[in-house]
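Naming convention: chains lettered A, B, ... in sequence-line order (proteins, then strands); numbering from 1 in each chain.
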Number of protein chains: 2
Amino acid sequence: MQNVIQHNNLSQPVYDRLKKMIQKGELAPGQKLVQERLATALGVSRTPLLKALQMLEHEMIVESIPRRGMYVREISLQEMIDVYDCREAIESTAVKLVIERATDTELSKLKEIFEPFAKTQHIHAGKYRKADEKFHDMIVELSKNPVLQKMSSVSDIYKLVYQYGLIRPPEETMIEHALIIKAILNRDLESADRALRNHISLSRQKLAQRQQDKSSLV
Amino acid sequence: MQNVIQHNNLSQPVYDRLKKMIQKGELAPGQKLVQERLATALGVSRTPLLKALQMLEHEMIVESIPRRGMYVREISLQEMIDVYDCREAIESTAVKLVIERATDTELSKLKEIFEPFAKTQHIHAGKYRKADEKFHDMIVELSKNPVLQKMSSVSDIYKLVYQYGLIRPPEETMIEHALIIKAILNRDLESADRALRNHISLSRQKLAQRQQDKSSLV
DNA sequence: AATTCTATTTTTGAATACAAAATACATTAT
DNA sequence: ATAATGTATTTTGTATTCAAAAATAGAATT
């Protein structure tokens, strides 16, 4: 029995690890997270684990059922559609602020994200998804609105949409990304807003279509 | 020393009490919240208190400075302006969904909120503020989008704007509320969106004006 | 009088202990 | 065999303990 108490923020690394494990599916949706067992597996006590789980709960990645336990949340298709409405709200506002507040140097970083894909013929799906996430993250970051950033973390679960497979081919979204970036670089708010809303809205519509298909099966 | 352990969600009532205490200013912005002392005062141990504080941290009402402690957050004028941008994002999306999803019965409840003030000549400031908050809460609630609702809780700190005094006279906002409600009842998305954005935007501009005034004093 | 250093106290973050609720399991009754 | 009941085990929510870091107070020095 080791009698050493750590004092340096154990919950943060635990949070990071859990989040990755859930994103990778190592902890499956619906799965119960037994605290003592999980804590031992991660080499900490229940205290920092619980703090990490609470953070994930705020992001709607896990859910706590009182006196029952913590579970990895299952994100339904309907909820994912709701998430896309949230992303449109967040990012549309973010884009407005980016155009107001970001420097040209900062804007150029947005552009760089998709440059590797412009050259190549075949787009690596995994790398493109990462770039896509980075693009949307950066828009929120460059908004320089801390409250918006915090709110954004709640709808970050959109990143779990891959559970429903590929929503739209990269070739399609690539063009839309280019349009958004171009408008932002020109600091053309109206075009940027329109392009961004269109981009998110199209994906949401794809999800809604699947929802339709599913319910019409019954 | 009582040897009784409660098992029924102590953190929720603690959260409620703390939130009210902060809203009333009983716990002042900037004030340090010493855990042991506060826990004793509330009749619980540090464990449920800490959980409550984490919830408040997520809503940006308190902040944790690692290894230093928990503090009641001071919300600057600039941040409040940022909050209003967030509210516009949230509520604009909410209104869209309300028009899509809410029943006529539900919409009628929106209307009822301000009815007491239509009759009276003099508007009771405190009661009007409560009604105002209820109105905005209800829009988010009737959106029936759980993710949006969760996000909304983060920018709920707009309710602390009264710390900066009265932003606009009730007579002014009353008219705007009426316009928003009318458009929602008609399920006229375009008008509702325009009215709502105008309403929030005007308040934000007032705050921005104060920010200007303040910085030009220097 | 101001500043630096040191000893003491306080407070935080983590680990552990503990009681009640939830679950699993076996036994009995139907 | 299935349902119902009682018992043992597990797990949660809270309380407590503990060690390290931070804050404080006091002494020593400039």
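The CG atom of L50(A) sits 12 Å away from the C1' atom of dA14(C) (whole-angstrom rounding). With rounding to whole Å, R67(B) atom CZ is found 17 Å from dT10(C) atom P. The CD-P distance, from Q54(B) to dG13(D), rounds to 14 Å in whole Å. Whole-Å rounding puts the R46(B) CZ to dC18(C) P distance at 19 Å. In this entry the distance linking CZ of R68(B) with C1' of dA20(D) reads 14 Å, nearest Å. Separating the CD atom of Q35(B) from the P atom of dT14(D) is a distance of 16 Å, rounded to the nearest angstrom. Taking atom CD1 of residue I5(B) and atom C1' of nucleotide dT16(D), one finds them 9 Å apart after rounding to whole Å. Residue K51(A) contributes atom NZ, which lies 13 Å from atom P of dA15(C) at whole-angstrom precision.
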The test is side chain to side chain donor-acceptor pair (under 3.5 Å); show your working for R87(B) and S92(B) and say whether it passes.
CA-CA 8 Å; R87(B) 291 312 300 177; S92(B) 153; over 6 Å; no

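Within the 4.0 angstrom heavy-atom criterion, only backbone atoms of the sugar-phosphate kind lie near L33(A); the bases stay farther away.
Closest approach to the K32(B) side chain among dT16(D), dT12(C), dT12(D) is made by dT12(C) (side chain taken as heavy atoms from C-beta onward).
Classification of D137(A) and K159(A) as a salt-bridged pair holds, one side-chain N sitting under 4.0 Å from a carboxylate O. Ion pair E106(A)/K144(A) flagged as a salt bridge, since at least one NZ, NE, NH1 or NH2 atom sits closer than 4.0 Å to an Asp/Glu carboxylate oxygen.
Taking the nucleotide of DNA chain C with the nearest heavy atom to each of P66(A) and G69(B), the more 5' of the two is matched to G69(B). In this structure, T47(B) and N8(B) both approach DNA chain C, and ranking their closest nucleotides by distance from the 5' end singles out T47(B).
With hydrogens and angles left out, the side-chain atoms of Q211(A) and S215(A) include no donor and acceptor closer than 3.5 Å.
S45(A) has a side-chain polar atom (N or O) that falls below the 4.0 Å cut-off from OP1 or OP2 of dA15(C).
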